[in-house]
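I have placed the structure first, in the form of structure tokens, so that the comments after it can refer back to it.
Every number for a ligand or one of its atoms is a count from 1 in the order of the listing.
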Amino acid sequence: MAERRCAVVAVLGAPNAGKSTLVNTLVGAKVAAVTQKVQTTRALVRGIAMHDQTQIILIDTPGVFAPKRRFDRAMVAAAWSALEGADAIIHVVDAEAHAADARTGADAHSVADTHSIAAKLKQMEIASILVLNKVDTVARPALLAMTTKLVEEGLYTDVFMISARKGDGVQDVMRVLAERAPEGPWLFPEDQTMDAPARVLAAEITREKAMLRLHDELPYDLVVETETWEERKDGSAKIDQTIFVARESQRKIAIGAKGQTIKTIGELARKEMEAAFDRRIHLFLHVKLRENWSEERALYQRLGLDYEA
Ligand SMILES: Nc1nc2c(ncn2[C@@H]2O[C@H](COP(=O)(O)OP(=O)(O)OP(=O)(O)O)[C@@H](O)[C@H]2O)c(=O)[nH]1
Ligand SMILES: [Mg+2]
């Protein structure tokens, strides 16, 4: 029998590049929230994938950008901290944003973030794997042009062009990660797909649904916490969660006319939880105002973020 191998792989990149989508696709299960908004991922999320006798532990990270607020600083610091102890680094680049920027200068943020990540990796002398994502949206010549430019950084050991959403090219990435994984014992049981407790995943599921439903009306100022998780005799679970918003106006929007918005969010979240936990779920959502959540120390601790970053 082949030796067991195990690798820790940090997945780094600008906000919205598709890091969480890639991690979910590699794991083959939903472990991280995905939305079209930047800064969806807020703390390190570990997804666990198996490839034959190799266990790949993928660390999904918050997007790296130039932070201004305390909460942003903590997220970016968490992203860089994922490099410690990682056996490999994947730098995910949003090909769609880069192509749009080359055409119209429209997505300069993502491009600037990509280049500052590359510069920092170079300065730290850390080799990484370049993954150009969202190639399903970009024409071939544009892809080649941006690849050439990125490869000139002299930083990348490999280049992959993938669509994390469609799954194209993702197995090639997996194969290379597995080939290079050092021999060693697995860190998690073979059938485990993530390291976070169920109540954290449950909160992430609801946050994703709330963000997807409210993205036009709300900024990303939204926190979800699982307050209680009650096991029922019939095998189902009753879950109470609170969605915290920063302003009274946001509370009204989240609840919606006659409670319709929160009801829709709850139904979508419950369905996904039932699939994720493979059992019936009774989900009760509450919306509360918590004005200065981004200055609360306890919250950082619960998310695994450093308040002083
Ligand atoms: N067309 C296309 N869209 C994609 C692909 N991969 C991800 N997306 C979309 O890009 C958006 C961002 O995806 P995420 O996985 O949340 O990105 P992220 O890098 O984790 O974002 P943050 O956590 O906010 O830094 C979502 O709307 C995804 O559906 C892809 O291969 N093709
Ligand atoms: Mg993410």
query = Between E295 and R69, is there a side-chain N and carboxylate O pair less than 4.0 Å apart?
reply = no
ask   = For the Mg ion (ligand 2), does an N/O/S atom of T61 lie at less than 2.8 Å?
value = no
request  = Establish, for the pair K238 and W229, whether the NZ or CZ atom is under 6.0 angstrom from the six-membered ring centre and no further than 45 degrees off its axis.
outcome  = no
ask   = Quick check: does S20 have an N/O/S atom under 2.8 Å of the Mg ion (ligand 2)?
value = yes
key: Test: D158 and R180 ion pair at under 4.0 Å   = yes
message = Between T226 and Q241, do the side chains contain a donor N or O and an acceptor N or O under 3.5 Å apart?
response = yes
key: Salt-bridge contact E267-K209 (side-chain N to carboxylate O under 4.0 Å)   = no
Find all protein N or O atoms under 3.5 angstrom from an N or O atom of ligand 1 and list the pairs with distances, or write 'none'.
residue, atom, partner, partner atom, Å
ligand 1, 1 (N), D136, OD2, 3.0
ligand 1, 6 (N), N133, ND2, 3.2
ligand 1, 10 (O), K134, NZ, 3.1
ligand 1, 15 (O), S20, N, 3.4
ligand 1, 15 (O), T21, N, 2.9
ligand 1, 15 (O), T21, OG1, 2.6
ligand 1, 16 (O), T35, N, 3.4
ligand 1, 16 (O), T35, O, 3.4
ligand 1, 17 (O), G18, N, 3.1
ligand 1, 19 (O), A17, N, 3.1
ligand 1, 19 (O), G18, N, 2.8
ligand 1, 19 (O), K19, N, 2.9
ligand 1, 19 (O), K19, NZ, 2.7
ligand 1, 20 (O), S20, N, 2.9
ligand 1, 20 (O), S20, OG, 2.9
ligand 1, 21 (O), N16, N, 3.1
ligand 1, 23 (O), T41, N, 2.8
ligand 1, 23 (O), T41, OG1, 2.8
ligand 1, 24 (O), Q39, N, 2.7
ligand 1, 24 (O), T40, N, 2.6
ligand 1, 25 (O), N16, N, 3.3
ligand 1, 25 (O), K19, NZ, 2.9
ligand 1, 25 (O), G63, N, 3.3
ligand 1, 29 (O), R165, NE, 3.3
ligand 1, 29 (O), R165, NH2, 3.0
ligand 1, 31 (O), N133, OD1, 3.2
ligand 1, 31 (O), D136, OD1, 3.4
ligand 1, 31 (O), S163, OG, 3.0
ligand 1, 31 (O), A164, N, 3.0
ligand 1, 31 (O), R165, N, 3.1
ligand 1, 32 (N), D136, OD1, 2.8
ligand 1, 32 (N), D136, OD2, 3.4

key: Side-chain donor-acceptor pair present, S236, H282, cut-off under 3.5 Å   = yes
query = Does the side chain of S20 pick up a donor-acceptor pair with the side chain of D60 at under 3.5 Å?
reply = yes
